[in-house]
Participant: 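Sharing a structure below in structure tokens format, with a few things to ask.
Chain naming here is simple, since letters A, B, ... match the order of the sequence lines and numbering starts at 1 in each. Quick caveat, the model's predicted, so the values are computed rather than measured.
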Amino acid sequence: MTAQPKQTALATENLAAVELDGVRLALGDIRFAFDGRIPAGRITAVTGPSGSGKSTLLNLIAGFEMPDAGRVRLAGQDVTRLHPGARPLSLVFQDHNLFAHLDLFTNIGLGVHPALKLTGEDRTRISAALQRVGLAGYEGRKPGTLSGGERQRAAFARALVRQRPLLLLDEPFAALDPGLRLAMADLLSGLHQETGASIVLVTHDPGEVMRLADEVIYLSTGKILFHGDRHAFCAQTAHPEISKFVASS
Amino acid sequence: MLGTGEVRRGLAAGGASLAAIGGLVTLPTGALLALAPASSAGTLFDSYTLSLLRFTLLQATLSTLLSVALALPVALALARRAAFPGRIWILRLMAVPMGLPVLIGALGLIGIFGRQGLVNRLLAIAGVDHPVNIYGLSGILLAHVFFNLPLACRLMLAGLERVPAEDWRLAASLGLGRLSLLRHVELPALARVLPGAAGLIFMLCATSFTLVLVLGGGPAATTLEVAIYQSLRFDFDPARAVALSLLQIALTGLVLAVLSRLPAAEGSRGEGRIPRRFDGEGFGSRIMDTLAILLATLFLVLPLGAIAAAGLKADLLRLISLPAFHQALLTSLAIALTAGLLSLLTASGILTAQAAIADRRHPSPVLRVFGRALSALSSLVLLVPPVVLGTGWFLLIRPHADVARVAPLLIAAINMLMALPFVMRVLAPAFESHRLRTTRLAASLNVTGLARLRLVDAPILARPMLMALSFAMALSLGDLGAVALFGSQDLVTLPWLVYSRLGSYRTQDADGLALLLGLLCLALTALGTAGQRRQP
């Protein structure tokens, strides 16, 4: 059933940001099977109905799930057995991105050095990142005093200072109001243009796919139903399920 | 998603806890079994032992029935009267016996129901010439009701408060009368908590030591626990102590087996949001409920008041300056702190190991067995009551070393085991919610080891740890069971000091010391439970 991945110019030239090679995982009744190459330097949206395996795919890339079989490679490096913290990537979850008892500066500082050994330059960079996401002067604030949108901005600031080549986002805007989502999407594409990092964005929102994605991976019951660029995704007619999804955007 | 180092350390910590508890419990039990004389079958079933067993079961059964039956109208009334004046204070009062050292409670009860007590003086004035007897079966029952009626009441109230608001509304719209409401709404709700509550109270009463020691007496009113202590301490008849200990283990094992089949009586909050009630508007109903609540309150307040009044009559300043008091206070605090810290360490070991196992999606069979052994630990602790544990250790050590020298450590270890179930109850939910909130984030940022401990775990877990510590210390400070076996002139804890002053008829000293000890333990318990309500 898996559609042949559509090779993009970038992916053929460079190493893929993420390569899933015969990745298999059984969780409960669902058997997940993922194969494919996620191109570097672009925004790839992972979407599909709930329970289709969006978060599982992300967890496999991030290292929160170990595949039963197959390899996961990031920029050519086999990371299949690597602990999440040792993988060259940054993560933003739907919520709980910040330690509630630590202020923003410490929270972001932990992304730079996990034991908080920071240089003067690190400190400047942290403040600059906060300023970039619109939270200038928020260094001493605790997450509890911020709005949901501000907390996600802080998580983005941390991803910014970490300077990892791959950014994984798991429904990062799902808990926000629709108006706020648009602003956050703008911030994300701005950051993408500045850093050139590869971004994998899990979302169930067709509008977000259309607004942000260069590439789309559509999952259905644990398998990749479609993987290709967004225009092909919108134009495809082979899968009525996808056409319905596109039409609802 | 823990690092391999974290998993390894977690499992090692759990292994250490398992080994420590297993050793502390099974070694003395093994010693008891090994030392059981061939003739123990005869000792086990001679008429004296049988009468002990009969009395133990009789008093536990009667205590349970009385506690539950008397708590029933109080719980129903408190559930019905959300706006009863001072209701929240009455509920807090019901938590007091839990934190009060049993010996202190007994003194308070003697103050009210004793020969010179308030009740008997009132009875004499009224011309009744059959005074209440605080000693013997009646006294033991009275004391067990004092300690367990509030517990039963809180558990039942929690059961009643879980009835959804819609049920009360529906019952009112159907015009259900008093009896129909009881039958169709209240009793079904109570039926869910009653078996667990009754089982728990039976277990507490069947292994009750201090109350029977103080209020019981003579072969006619002695339980297995106290008989073990007497055969070791006074008759020095280890063979009998061993036989009785084994009988006690068999009894608690049986009770625990029955208990594990009953639904657990959880949630002793009794302070949650109270749904609106539409019944009980009648005048008679108001009077009856008020009477039930007031009588129960009085029954709890009077002995507490007696402790305070008697204690204040003593020369507290002189008592505080006594070297004996200083020595006992220091000994008690040192033992309590050791016991508290050990129980924290053990509980954290169990919990981190359980987290490490839960982290695995497919734990190996060995790990699964290990995990099950860890969860079974708290029952193992309950299986062997403190006096039995002490007896086993006493017999184990005596041939090789001076028991007096290791006694403080033994008392601390036994107190640690006693506190462990309570410490686990405080720490387990705190550890679990902390784990859910931080594991993924910490893993994704590679915050591990000491940095994780310092930056992520310590700031959040310090508070529940402190709560658990103060709770465990309160338990240890008030315990007379372990020290009764090992106490000597060189090893005196505060409860032992109170008890010996009581024995040498220096009751005023005992009263003053009891007040001080009671306040200390209540303060620690209050600290230990203060934060529980605020936890998510």
Participant: Which bit of A:L168 is near chain B, if near means a heavy-atom gap under 4.5 Å: side chain, backbone, both or neither?
Facilitator: neither
Participant: To check you understand the geometry: which heavy-atom pair defines the closest contact between B:L455 and A:H101, and what is its length?
Facilitator: O-NE2, 2.7 Å
Participant: Under a 4.5 Å cutoff for heavy-atom pairs, which residue among B:L445, B:V447, B:T438 has the most contacts with chain A?
Facilitator: B:L445
Participant: Could you please spell out the steps behind the side chain to side chain contact (heavy atoms under 4.5 Å, CB included) verdict for A:H96 and B:L436?
Facilitator: CA-CA 10 Å; A:H96 292 318; B:L436 290 178; over 6 Å; no
Participant: How far does CZ of B:R437 sit from CG of A:D95, to the nearest 0.5 angstrom?
Facilitator: 11.0 Å
Participant: Check each atom of A:L102 against the heavy atoms of chain B and say whether the ones under 4.5 Å are side chain, backbone, both or neither.
Facilitator: side chain
Participant: Looking at A:R31, I'd like to know if its CZ atom is crowded, meaning that more than 12 non-hydrogen atoms belonging to other residues, nucleotides or ligands lie closer than 6.0 Å.
Facilitator: no
Participant: How close do A:F64 and B:A443 get, counting heavy atoms only, and between which atoms?
Facilitator: CE2-CB, 4.0 Å
Participant: Where on A:N97 is there a heavy atom nearer than 4.5 Å to chain B: the side chain, the backbone, both, or neither?
Facilitator: backbone
Participant: Is the count of non-hydrogen atoms from other residues, nucleotides or ligands lying under 6.0 Å from A:F93 atom CZ greater than 12?
Facilitator: yes
Participant: Evaluate whether atom CD of A:E121 has more than 12 neighbouring non-hydrogen atoms of other residues, nucleotides or ligands under 6.0 angstrom away.
Facilitator: no
Participant: Quick check on A:R87 against chain B: is it the side chain, the backbone, both or neither that has a heavy atom closer than 4.5 Å?
Facilitator: neither
Participant: So which of B:S444, B:A451, B:P459, B:G449 has the biggest tally of heavy-atom pairs under 4.5 Å with chain A?
Facilitator: B:S444
Participant: Quick check: are there more than 12 heavy atoms from other residues, nucleotides or ligands sitting under 6.0 Å from CD of B:E432?
Facilitator: yes
Participant: For B:R454, is it the side chain, the backbone, both, or neither that has a heavy atom closer than 4.5 Å to a heavy atom of chain A?
Facilitator: side chain
Participant: Rounded to the nearest 0.5 Å, how far apart are CZ of A:F99 and CG of B:L441?
Facilitator: 4.0 Å
Participant: Going through the checks in order, is the side chain to side chain contact (heavy atoms under 4.5 Å, CB included) test met by B:R440 and A:D170?
Facilitator: CA-CA 13 Å; B:R440 264 165 68 105; A:D170 192 356; 4.2 Å; yes
Participant: Chain B: which of A:A100, A:A86, A:P114, A:G111 shares the most heavy-atom pairs with it under 4.5 Å?
Facilitator: A:P114
